[in-house]
Number of protein chains: 2
Amino acid sequence: MNRTRGSIPPRCCNLAIGEKDETRFIRMMKAAGNPLRFQILKFLVTHPGCITGEIVDHLPIAQATVSQHLKVLREAGWIKGEVDGPAVCYELSTENTTWFRTLVERVF
Amino acid sequence: MNRTRGSIPPRCCNLAIGEKDETRFIRMMKAAGNPLRFQILKFLVTHPGCITGEIVDHLPIAQATVSQHLKVLREAGWIKGEVDGPAVCYELSTENTTWFRTLVERVF
DNA sequence: CTTTTATATCGTAATATTGCGATATGAACC
DNA sequence: GGTTCATATCGCAATATTACGATATAAAAG
């Protein structure tokens with residue numbers, strides 16, 4: 001091959017992604033890129049509508065830690081929680097997971 | 001709604017994902033979930049075959065740091081580097097990005 | 001064989017994340 | 001009102017990540 005340094009190969013394609021979309025995308029990746037948070041996502045895929053306590057029972061970590069991870073997933077847009085009396089029912093955000101899937105397909 | 005605690009809703013579906021695949025998937029997510037590493041991925045999408053130095057020139061961080069990030073991306077499977085004399089040409093691993101895309105579609 | 005060029009690795013400081021117990025909040029029930 | 005239940009937040013320790021300069025490695029050129 002032996003290309004000379006300084007001659008960056010020309011763009012093979014255009015990857016139009018806005019700054020906001022990019023930030024949002026990276027945040028979702030980062031949030032999902034943690035083993036325990038991924039367990040939570042998996043659990044919610046198969047058990048939509050579960051409350052925090054049920055997720056806590058399903059995982060080997062303390063309630064406070066689960067709550068923290070749920071917050072990260074919420075803020076990243078992966079999940080949404082609906083208050084139900086003293087409890088909170090969680091489920092994946094269809095809208096955002098779809099958006100994520102679409103962006104993965106567009107970028108890679 | 002007011003479901004009683006202890007009655008976890010039944011599985012709505014089966015999410016068959018092996019332990020190895022899951023680990024690999026999480027690792028790719030984590031690797032891509034960093035702003036600078038995502039810049040590198042983006043750069044390689046549009047400029048396949050670039051050498052490390054060209055990536056360094058394109059980013060506001062030191063060579064040592066870029067090298068470290070490239071290692072993370074390599075170990076996660078996102079990219080592969082081909083030695084070309086004293087330099088290394090990097091490009092996305094089509095095989096692994098495809099695998100990643102497929103898994104995103106299967107899980108979410 | 002020495003020098004140059006390109007990259008990787010080492011050691012380390014600064015920062016961020018993770019996990020926990022303790023505590024606060026807030027709804028439902030008595 | 002007070003009590004219970006479910007969750008969130010606070011404060012902090014342990015750990016991990018990030019970034020860098022300095023140095024090592026290794027190929028090519030002289």
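Computation of the quantities below employed the complete heavy-atom set of this structure, encompassing side-chain atoms and omitting hydrogens, waters and symmetry-equivalent molecules.
Contacts of B:Lys42 classified as salt bridge (Lys or Arg N to Asp or Glu O under 4.0 Å), with partners at least two apart in sequence or in another chain: A:Glu22. Under the side chain to side chain donor-acceptor pair (under 3.5 Å) criterion, B:Arg24 pairs with B:Asn96, not counting sequence neighbours. Applying the side-chain contact (heavy atoms from CB on, under 4.5 Å) test to B:Ala31 and every residue at least two apart in sequence or in another chain returns B:Arg37, B:Val72, B:Leu73, B:Ala76, B:Trp78. Remark: B:Arg11 engages no residue in a side chain to side chain donor-acceptor pair (under 3.5 Å) (not counting sequence neighbours).
Rounding to whole angstrom units, CD1 of residue B:Ile51 and P of C:dT5 are separated by 13 Å. Atom C1' of nucleotide C:dG26 and atom CG of A:Asp84 are separated by 14 Å, given to the nearest angstrom. In this structure, A:Ile26 atom CD1 and D:dT18 atom P are separated by 12 Å, rounded to whole Å. The interatomic distance linking A:Leu59 (CG) with C:dC20 (C1') rounds to 15 Å, in whole Å.
In this structure, A:Ile61 and A:Val83 both approach DNA chain C, and ranking their closest nucleotides by distance from the 5' end singles out A:Ile61.
In the set C:dC20, D:dA6, D:dC20, the nucleotide with an atom closest to the side chain of A:Ala62 is C:dC20. Out of C:dA6, D:dC20, D:dA8, the shortest distance to the side chain of A:Tyr90 is found at D:dA8.
One finds the CG atom of B:Leu44 at 10.0 Å from the SG atom of A:Cys12 (value rounded to the nearest 0.5 Å).
B:Ser67 places no side-chain N or O within donor-acceptor distance of the main-chain N or O of B:Gln63, the cut-off being under 3.5 Å. Using modelled atom types, one side-chain atom of A:Thr97 and one backbone atom of A:Ser93 make a donor-acceptor pair closer than 3.5 Å.
Using the six-membered ring where Trp is involved, A:Phe100 and B:Phe108 have ring planes that are perpendicular, over 60° apart on the 30 and 60° scheme.
Applying a 4.0 Å cut-off to non-hydrogen atoms, the residues of residues 63-81 of chain A that approach DNA chain D are A:Gln63, A:Ala64, A:Ser67, A:Lys71, A:Arg74, listed by residue number. Against DNA chain C, the stretch residues 30-45 of chain B makes no heavy-atom approach under 4.0 Å.
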